[in-house]
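Here's the structure we're looking at; comments come further down.
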Amino acid sequence: MDMNGMSGTNGMDMPGMGSPSGPKVAAAVAADNGLHGAVGGYSYVAGAATMAAGSPAQYTFHITGPGGKNVTRFQPYEGQLLVFYLVRSDLGDFHQLTASMRADGTWTVPLPALTAGSYRAYITFAAPDSSAGTPLSYSLSQPLTVSGAAAAAAPLPPATDTATADGYTLKLTGSPRQGSETDLGVAVAKDEKAVQQFDRLLDGYAHLTAFHTGDAAFARALSTGRSAGGAGGAGALTAQILFPESGTWRLFVQFETSGVEHTAAFTVEVP
C-alpha cells in the first residue's frame with residue numbers, strides 16, 4: 001500500500017465496544033530487542049545522527065528493503081504505516097511522533113525542542129511481502145545525539161503499580177515475565193471514578209511501549225481492547241507485551257480522552 005500517512009480512528013468508542021481491527025501480523029524476530037538498525041534485509045537509514053538542542057527540527061530517514069531500494073509499500077500496522085518513537089538514554093524523555101512519507105520513500109518527523117543528551121529513535125512497521133503469506137513486523141532503531149551539555153541523569157522512580165497523568169490515576173495489573181507474551185491491564189480513573197469512554201489511539205484504546213534501563217532495549221506491545229469487568233461491562237484497557245530481557249523497564253502508557261492524548265509512565269521489574 002502506497003500512502004503518505006494513515007491514522008487510526010479518531011471517534012470516541014462507547015464502553016465495551018470493539019478491539020483492534022488490523023490484519024494479523026507476525027513478528028519478524030521473536031523476542032527482538034529493537035536495538036538493530038537492520039533485520040531480515042530491511043535497514044533503517046537515518047538522515048542525521050546529531051541534532052542541536054533547544055530548537056524543533058525535522059528528522060528524516062528511509063528504509064531500504066532486501067533489494068537495496070527504498071521501501072514505499074507497507075502493510076498498515078497499529079493504524080499507521082509506521083510508528084516512530086524517540087527516547088532519551090536515561091528513559092526520562094519519551095515521544096511517540098507522527099512520521100509522514102514522500103513518494104520516494106523518505107520519511108520526515110517533526111521533532112520537538114530536545115534537551116542535550118543521547119537518544120535512540122525507533123521505528124516499527126510491517127512489510128507485506130512475507131513468503132509465508134503473513135505480513136511481518138520489524139522494530140529497528142538508530143542512535144541520535146542532541147548536542148550540548150547534558151544534565152546528569154535522574155534515577156527512575158521505584159517500581160509501582162500506580163501512576164498519574166493530567167489528573168488521571170492509572171493502575172497496572174499483570175505479571176511481567178521475560179521472553180513470552182505478558183497480558184497487562186491498565187485501569188484508568190479520574191476523581192476516583194473509572195473512566196468509561198476513550199478515543200481510539202492508533203489501533204486500540206491504549207498504546208504501551210517499554211524500554212530497558214541501561215541499553216534502552218525495546219519491548220513490543222499490542223493493544224487487545226478492554227476486559228469484560230467494570231461498570232457497564234467495560235473494564236481495564238488491555239494489551240500484550242513481550243519483554244525480551246529481564247531487569248528494570250520504563251513502561252509508557254498512552255491513552256486519549258475527548259481528543260486529548262495523555263501519557264503515564266510506570267517502572268516495572270521483569271524477573
Side-chain angles (χ1 to χ4, degrees), residues 8 18-36 39 77-80 82-87 91 94-96 120 122-126 135-141 156-163 165 170-188 198 200-229 235-256 261-271:
S19 61
S21 56
K24 180 176 178 58
V25 175
V29 179
D32 189 17
N33 62 13
L35 295 178
H36 305 290
V39 169
Y77 180 59
E78 296 188 286
Q80 295 187 348
L82 177 145
V83 186
F84 179 92
Y85 309 94
L86 184 70
V87 68
L91 310 186
F94 163 78
H95 303 272
Q96 185 260 306
R120 199 161 187 93
Y122 303 77
I123 57 173
T124 62
F125 63 93
L136 299 179
S137 65
Y138 297 82
S139 298
L140 307 177
S141 65
L156 291 179
T160 179
D161 62 358
T162 59
L170 288 75
K171 184 173 179 60
L172 182 69
T173 59
S175 300
R177 57 190 181 274
Q178 177 195 4
S180 58
E181 297 283 0
T182 294
D183 293 315
L184 296 180
V186 181
V188 183
F198 296 88
R200 300 286 283 189
L201 180 63
L202 296 178
D203 197 32
Y205 295 105
H207 188 68
L208 278 64
T209 316
F211 302 91
H212 187 254
T213 57
D215 59 2
F218 174 82
R220 174 175 56 87
L222 292 174
S223 173
T224 55
R226 303 189 69 175
S227 66
L237 309 180
T238 59
Q240 285 187 334
I241 187 166
L242 193 154
F243 293 100
E245 302 177 20
S246 61
T248 303
W249 291 76
R250 192 67 166 161
L251 174 69
F252 296 93
V253 178
Q254 298 167 269
F255 64 99
E256 187 174 303
E261 187 176 312
H262 313 280
T263 302
F266 296 85
T267 300
V268 176
E269 295 292 343
V270 177

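Source: prediction; values computed, not measured.
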Leu184 side chain reached by Thr173 side chain, heavy atoms, under 4.5 Å = no
Closest heavy-atom pair, Ala163 versus Ala265, reported as atoms and distance to 0.1 Å, is CB-O, 3.5 Å
So do Arg250 and Pro157 actually touch side chain to side chain, heavy atoms under 4.5 Å?
-> yes
Output, in order, the C-alpha distance, side-chain angles, deciding distance and verdict of side-chain contact (heavy atoms from CB on, under 4.5 Å) for Val188 and Leu237.
-> CA-CA 8 Å; Val188 183; Leu237 309 180; 4.2 Å; yes
Any side-chain heavy atom of Leu201 sitting closer than 4.5 Å to one from Glu261?
-> yes
Report the C-alpha separation of Arg120 and Leu35 in whole Å, then their side-chain angles, then the decisive distance to 0.1 Å, and conclude whether the side-chain contact (heavy atoms from CB on, under 4.5 Å) test is met.
-> CA-CA 9 Å; Arg120 199 161 187 93; Leu35 295 178; 3.6 Å; yes
Heavy atoms, side chains only, cut-off 4.5 Å: are Thr263 and Val253 in contact?
-> no
Among residues two or more places apart or on two chains, list those pairs meeting salt bridge (charged side-chain N to carboxylate O under 4.0 Å, His left out) that have a residue in residues 208-224.
-> Glu181-Arg220
How are the rings of Phe255 and His262 set to each other: parallel, tilted or perpendicular (split at 30° and 60°)?
-> tilted
Establish, from distance only, whether the side-chain atoms of Glu245 and Gln178 form a donor-acceptor pair under 3.5 Å.
-> no
Heavy atoms only: give me the nearest Ala27-Ser137 pair and the separation to one decimal.
-> CA-OG, 3.4 Å
Once you round to the nearest 0.5 Å, how far does CD of Glu78 lie from CZ of Phe125?
-> 13.0 Å
Locate the shortest heavy-atom distance separating Pro176 from Pro271; write the atom from each residue and the value.
-> O-CD, 3.3 Å
Scan side-chain atoms only and decide if Thr248 and Glu269 contain a donor-acceptor pair under the 3.5 Å cut-off.
-> yes
Over all heavy atoms of both residues, which pair between Leu86 and Phe84 is shortest? Give the atoms and the distance, please.
-> CB-CE2, 4.2 Å
Please state whether the rings of Tyr85 and Phe211 are parallel, tilted or perpendicular, taking 30° and 60° as the class boundaries.
-> perpendicular
Any idea which heavy atoms bring Thr267 and Pro158 closest together, and the distance?
-> CB-O, 3.8 Å
Point-to-point distance, once rounded to the nearest 0.5 Å, from CG of Asp183 to CZ of Arg177 = 7.0 Å
Answer whether the closest heavy-atom distance between the side chains of Val268 and Leu172 falls below 4.5 Å.
-> yes
Report the distance from atom OG1 of Thr124 to atom CG of Leu202, rounding to the nearest 0.5 Å.
-> 8.5 Å
What distance separates Gln96 CD from Gln254 CD, expressed to the nearest 0.5 Å?
-> 5.0 Å
Do Leu251 and Ile241 come within less than 4.5 Å of each other through their side chains, counting heavy atoms only?
-> yes
Can you sort out the partners of Asp161 under salt bridge (Lys or Arg N to Asp or Glu O under 4.0 Å), two or more places apart, ordered by chain and number?
-> Lys171
Gap separating the OG1 atom of Thr182 from the CG atom of Leu208, nearest 0.5 angstrom = 11.5 Å
Shortest non-hydrogen contact between Ala165 and Ala264, atoms and distance | CB-CB, 3.9 Å
Report yes if some heavy atom in the side chain of Val83 is under 4.5 Å from a heavy atom in the side chain of Tyr122; otherwise report no.
-> no
Can you tell if the side chain of Asn33 reaches within under 4.5 Å of the side chain of Phe218, non-hydrogen atoms only?
-> no
Residues Thr224 and Thr238: side-chain donor-acceptor under 3.5 angstrom | yes
State which residues pass ring pair (Phe, Tyr, Trp, His ring centres under 6.0 Å) with Phe243; sequence neighbours excluded, sorted by chain then number.
-> Trp249
What's the spacing between Leu170 CG and Thr162 OG1 if we round to 0.5 Å?
-> 9.5 Å
